[in-house]
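Let me begin by presenting the structure, written as structure tokens, before commenting on it.
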Amino acid sequence: MFEARLLRSSILKKVLEAIKDLLTQATFDCDDNGIQLQAMDNSHVSLVSLTLRADGFDKYRCDRNISMGMNLGSMSKILKCAGDKDTVTMKAQDNADTVTFVFESPNQEKVSDYEMKLMNLDLEHLGIPETEYSCTIRLPSAEFARICRDLSQFGESMVISCTKEGVKFSATGDIGSANVKLAQTASIDKEEEAVVIEMDEPVTLTFACQYLNYFTKATSLSPQVQLSMSADVPLVVEYRIQDIGQIRYYLAPKIEEEDS
Amino acid sequence: MTTRSQKPKSSPESPLKTNKRVESSWILLIKDGLFENSNFNIITLPHPAHGKPAKYALDHIHNKMYELVLFSEPYRSWFIDETVKSDGNLLLLTPVNPLFLVLPRLREQCSSRAVPLEDLLSEKGYSKLLDYVTNIDLIGDLKGPADMKAYKYNEEKTLAWLEGRVKKLATVLREKNIHVTSGATSATFVASNIGNDNIDEEIYLKYAHGMVSEYLQDDLVELLEKKFHFKPDLIESIGKKRKSEATDISDPNKKVKQESNGVNGDSIDISINQSYTEVKKERPLSAKEKARQKAASGTKTISSFFTKK
């Protein structure tokens, strides 16, 4: 028997919003420690890794490890049926072929349950090595979303370059070029609004704008986003979800053409 | 056999699509006989495999149907006498069996009931095909009186007919010494050890099946494939064999190339695997997914960075 209860459905709703455009289906791996999801997008250039810890749930019970393959489009449709303040409970029997979502309104007057068929997904899991990144940048997530949106108007790829002066996002395309420079915030009044750069050595990498825009769908999950980069390894875009876990996006860098 | 000729636009009702710009002429290779035929016309019909519009030509004198094939390459122009024609596309007319075009309609309309041929081909320009279609009893059963020409789709017959087509094509491929294994060879290259003689018959069949499949709907392709019982990795294994031979000969060259590109063997392997799985899926991609795939181009696969568990 698997049962996980969240007091506010909005977290799960936002998580779904953050991944459903990038992934069509994914496996939720549930064990004693919580729920894990790892999946690559169809083009196999990015990877999503979601962790929801057991202690973040109001109630969490997982007798036996269970992997639930879900169609994220369908799951998102179901979660749209829940009010933001509703309590959501995910339930599944051991070896079940369906999962049940129960939504309860705050005053317990309305209880709705939705059953969704599970899928058999044959997805491979990748081992992600612990990496020391040369650069870690923390910035307000809304700011990052804004930069990605603005720069994607200029070109298909975005160059992120981190030096000791700060971090520079740039894009070049048919209409011209765009550069956004962010310097480290001098005085930190509010931690959420600060730009913090930790750097061992400068890094410059190129990424596909469209993918970064998919990642910023997670903006509502966290006021801050952390970007970690090292030369020739995937970028990590991490959003912490308060008290329960985090969602990490990995994006492989674009291979720079020699003639450009 | 063929003449290179420049044809003025003859039928305004069906203007040919050229790439982007509208041109008043195009280059078309046709048979001599067709050239004498003053009113052979070009019609638009849905392609039998995917239903998108395609161009066909009808020659009523020889009672033959042709498919218009466009060969398009960037950076190509034609020199005609003293002038340059910037549109370098080359159009070819290749004979096509009209039965292939009738097949999807027959499958759609006549799988549970018999429909007279005239009604079946009454819309969307199919009516012009009526005189060209013969042997429809190869893919369907005649029901009712003979003069009604009402047919019902028969899958067994169809598959038998297609099987025959594939086998016939395979024989022709072998006779004409067409290169069917994976990897490229120059047409003028005569290999002493890899002659076409020791190539398995099945590879010819598979190649022919691929050619015929271009005119069939996906589900029919699968049914036909089952009929032949192809070994799944036939082409792949041949490809590997050829490759290993090539490395024996040009090993030092290959090393240089690898170093200069900075590409390691692993990533090559991955790309091969990936293309194989893509073929397996054969699910049409939505516009969104296509856009994403375009955005992903030039990016390494993420699995080349992380180890598989």
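Reminder, nothing fancy here: chain letters follow the sequence lines and each chain counts from 1.
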Thinking salt bridges, do [X] and [Y] make one under a 4.0 Å N-O criterion?
X	Y	result
A:Arg248	A:Glu238	yes
B:Glu67	B:Lys55	no
A:Asp21	B:Arg292	no

Classify the ring geometry of B:Tyr215 against B:Phe100: parallel below 30°, tilted from 30° to 60°, perpendicular beyond 60°.
tilted
Can you confirm whether the side chains of B:Asp218 and B:His50 place a donor and an acceptor under 3.5 Å from each other?
no
Check whether A:Tyr211 gets within reach of chain B through its side chain, its backbone, both or neither, counting any heavy atom under 4.5 Å.
side chain
So for A:Tyr214, is it side chain, backbone, both, or neither that comes closer than 4.5 Å to the heavy atoms of chain B?
side chain
Donor-acceptor pair, side chain of A:Ser76 and main chain of A:Leu72, under 3.5 angstrom:
no
If only atom types and distance count, is the side chain of A:Asp31 paired as donor or acceptor with the main-chain N or O of A:Gly34 below 3.5 Å?
yes
With a strict 4.5 Å heavy-atom criterion, list every residue of residues 227-235 of chain A that contacts chain B, or say none.
A:Asp232, A:Val233, A:Pro234
